[in-house]
Amino acid sequence: MSARAGSGSPLLDWLERPRRDRGVHFAAAGDDWTFLSYAELADRTRTILAGLRAVGVVPGDVVSIVEPAGPDFVATLFAAMAAGAAPSPIAPPLAFQDREVYGDHVRGLLRAAAPRVVVCAAALTAAIEPLATAAGVRPVLRADELVEAGGARAADVTPGPLALLQFTSGSSGRARGVRVPHTALAANVAAIRQWLAMTPDDPTASWLPVHHDMGLIGCLVTPVVNTSDLWLMPPEEFVRNPGRYLRCFGERGARLTSMPNFGLEYIARRVRPEALAGLDFSAWRAVIVGAERIDVEALRRFSALLAPHGFDPRALLPAYGLAEATLAVTGLPLDELYRSVDLRPDRLRPGARAVADDDEPAAGADAYPVVGCGRPLAGVRVRIVDESGEPVPDGVVGEIEVRGPSVAQGYVNEADSASQTALGGGVLRTADAGFLHEGQLHVLGRLGDSMKVRGRAVFAEDLEWALGRPGVPAQRMAALLGHRAGTATVVAVFEQARPEWLAQAERELRRRAEGAQVVIVDAPRGTIPRTSSGKPKRRQLWQAFVDDRLPGTVVTTAGQRNQTEQTTTAS
């Protein structure tokens, strides 16, 4: 996509002609919102831009940002782009997060990014400064200090080679920094706007973290570039009060949003029908669902809750994307009802035909539905390939390959990750398994999170789907696969499990992973580390299991518990 006159980048044109009648509504105390128009945000952006230049930021640099989802995060993000630097968001520490784990994570990100400066919220400076110093990065400055250093509003905007240095979720290893050029980010934003038929009159509301691709690009950058109203609330507020998020659509007129599958589950579980009295969801046009395995039952429960108030199930748009593709790869078109196919477990190995022919036996009790994730967005090309990179026919399982203008440039720390995802030459080998059927992409899971047992592939996501059917909250369980001492092993980790969850887990695992050693762990809350998008960090969990560092108790095959403080080798 070519740059336009004005800012030099379509991502920054809103700074040249900022609107006063639209902007961002930031969640405030109680049920209040703090509104900043795009004109006000543009002023703040330009003053921070002047400060970045004053402290030596030049085109080609990186600016790391450790801020909550507030005005200074938005302004610093676009100020860095306008300075020609690549903003690199880092999630702030959560109150319940292990400090040592968070510190190791941040030091790794800062070493990889090597930023010219770290912009940090005042309340976080004491925690972030020692981590930055240990990573060899200085200075750490507040947005107010940049404003003081700049002394005025910067008039000129100078886009640099990269629009963003965004880190992967780290679900399959250490997070990798993805180099996203202006052309790639602009192409993906344009494709999303075309997919959703976005106009400035289409408000967005979001509770997603703004430090990773789905929340950052889909629910912040795209609405800002679109100059449409945005309601932005932090994830912890959504967890505390999901009804407040729903009122953005039922009362305030929001029409567009994105969330992972567990967000739908959480709303369906926590929001009572009577709490929706008086709300009207008939204008809610799009709920992009992605970032993790999509459960068809979660889609149905969410629709059933909101349908009496005008919600159309065709607004649910399953999608597929990843940081290396900037964000969106495929998505269900507007006004098309989602579909799923029932898969037989023996059809999951690479090279197998996933969907049975009409004259073959039905999928049976062991089958599970896989929701279609739509079709490639404008300019994106998707193929399913075998191990040698050759395309396979429709309906055959293989690796998902992506090409197109949104594919990122490469990594900054390729050697630091064990991820199988490969990026280079405009080709993205995703290391995700899937197949194409009737024009839609169907995603099975990470190739690194699968294992062959007696000739058939078993995916961690499939096991989690089966284990979650008794009503286990998605954030309270994770499945791990690997070989321990040469033996194929399946581990199910529950946080404060109920007896019925454990009984169901044993039945399902022994049936679906027959031939593998099964270990079921009942662990304390907070045991399962997760990425900013909610995915379990399975590699980290597996290593803790192998090293006998995973807290909790092993549930024996007889249903008794081995009362130890740490998990040990199961008999």
Side-chain angles (χ1 to χ4, degrees), residues 1-26 34-55 57-63 65 67 69-89 117 119 143-144 146-147 149-166 180-190 192-193 198-204 210 216-230 232 326:
M1 180 177 293
S2 60
R4 299 180 295 182
S7 69
S9 168
L11 301 170
L12 299 171
D13 277 357
W14 70 275
L15 288 171
E16 304 297 323
R17 298 176 293 277
R19 300 188 61 145
R20 296 189 178 278
D21 59 334
R22 295 196 180 96
V24 183
H25 304 255
F26 298 95
T34 300
F35 175 73
L36 267 73
S37 70
Y38 284 119
E40 292 171 302
L41 284 170
D43 282 343
R44 184 67 170 176
T45 298
R46 289 186 181 277
T47 55
I48 292 176
L49 166 59
L52 289 174
R53 287 176 173 159
V55 298
V57 172
V58 297
D61 282 344
V62 172
V63 174
I65 307 171
E67 288 270 1
D72 281 343
F73 178 88
V74 178
T76 305
L77 180 83
F78 285 99
M81 289 189 199
S88 183
V117 63
V119 182
D144 286 342
L146 289 173
V147 170
R153 295 170 69 254
D156 60 312
V157 172
T158 310
L162 295 181
L164 190 64
L165 177 62
Q166 68 170 339
V180 181
H182 272 268
T183 52
L185 182 53
N188 209 241
V189 167
I192 293 169
R193 293 171 70 187
M198 288 181 72
T199 74
D201 295 325
D202 292 318
T204 295
V210 295
L216 174 64
I217 297 167
C219 291
L220 176 58
V221 172
T222 298
V224 170
V225 171
N226 194 55
T227 62
S228 49
D229 277 323
L230 169 62
L232 199 59
T326 301

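Computed over heavy atoms, backbone and side chain alike; hydrogens, waters and symmetry mates excluded.
- Listed for the Asp229 side chain is no donor-acceptor partner under 3.5 Å among the backbone atoms of Arg22.
- In this structure, the side chain of Tyr38 does not engage the main chain of Val24 through any donor-acceptor pair within 3.5 Å.
- In this structure, CZ in Phe78 is found 7.5 Å from CG in Leu11, a value given to the nearest 0.5 Å.
- Remark: the backbone N or O of Thr199 is paired with a side-chain donor or acceptor of Asn226 at under 3.5 angstrom.
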Would you sort out whether Met81 and Val157 count as a side chain to side chain contact (heavy atoms under 4.5 Å, CB included), showing the intermediate values? CA-CA 9 Å; Met81 289 189 199; Val157 172; over 6 Å; no

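- Closest approach of Ala82 to Leu15, counting heavy atoms only: CB-CD1, 4.4 Å.
- Scanning all heavy atoms of the two residues, the minimum distance from Val63 to Ala85 falls at CG2-CB, 3.9 Å.
- The minimum heavy-atom distance between Arg44 and Val147, with the atom names listed, is NH1-CG2, 3.5 Å.
- When all heavy atoms of Pro87 and Ala80 are compared, the pair lying nearest together is CB-CB, 3.9 Å.
- Residues Trp14 and Val224 have side chains in contact (heavy-atom distance under 4.5 Å, counting atoms from C-beta outward).
- Side-chain atoms of Glu40 come within 3.5 Å of backbone atoms of Ser37 as a donor-acceptor pair (strictly under, hydrogens ignored).
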Determine whether Val57 and Leu49 satisfy the following criterion, side chain to side chain contact (heavy atoms under 4.5 Å, CB included), listing intermediate values before the conclusion. CA-CA 9 Å; Val57 172; Leu49 166 59; over 6 Å; no

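- Between the side chain of Gln166 and the backbone N or O of Val180, no donor-acceptor pair lies under 3.5 Å.
- Judged by distance alone, the side chain of Asn188 and the main-chain N or O of Leu185 form no donor-acceptor pair under 3.5 Å.
- Under a 3.5 Å cut-off, the side chain of Ser88 and the backbone N or O of Val62 do not form any donor-acceptor pair.
- Cys219 and Leu232 make their closest contact through O-CD1, 4.4 Å (heavy atoms, listed as atom of the first residue, atom of the second, distance).
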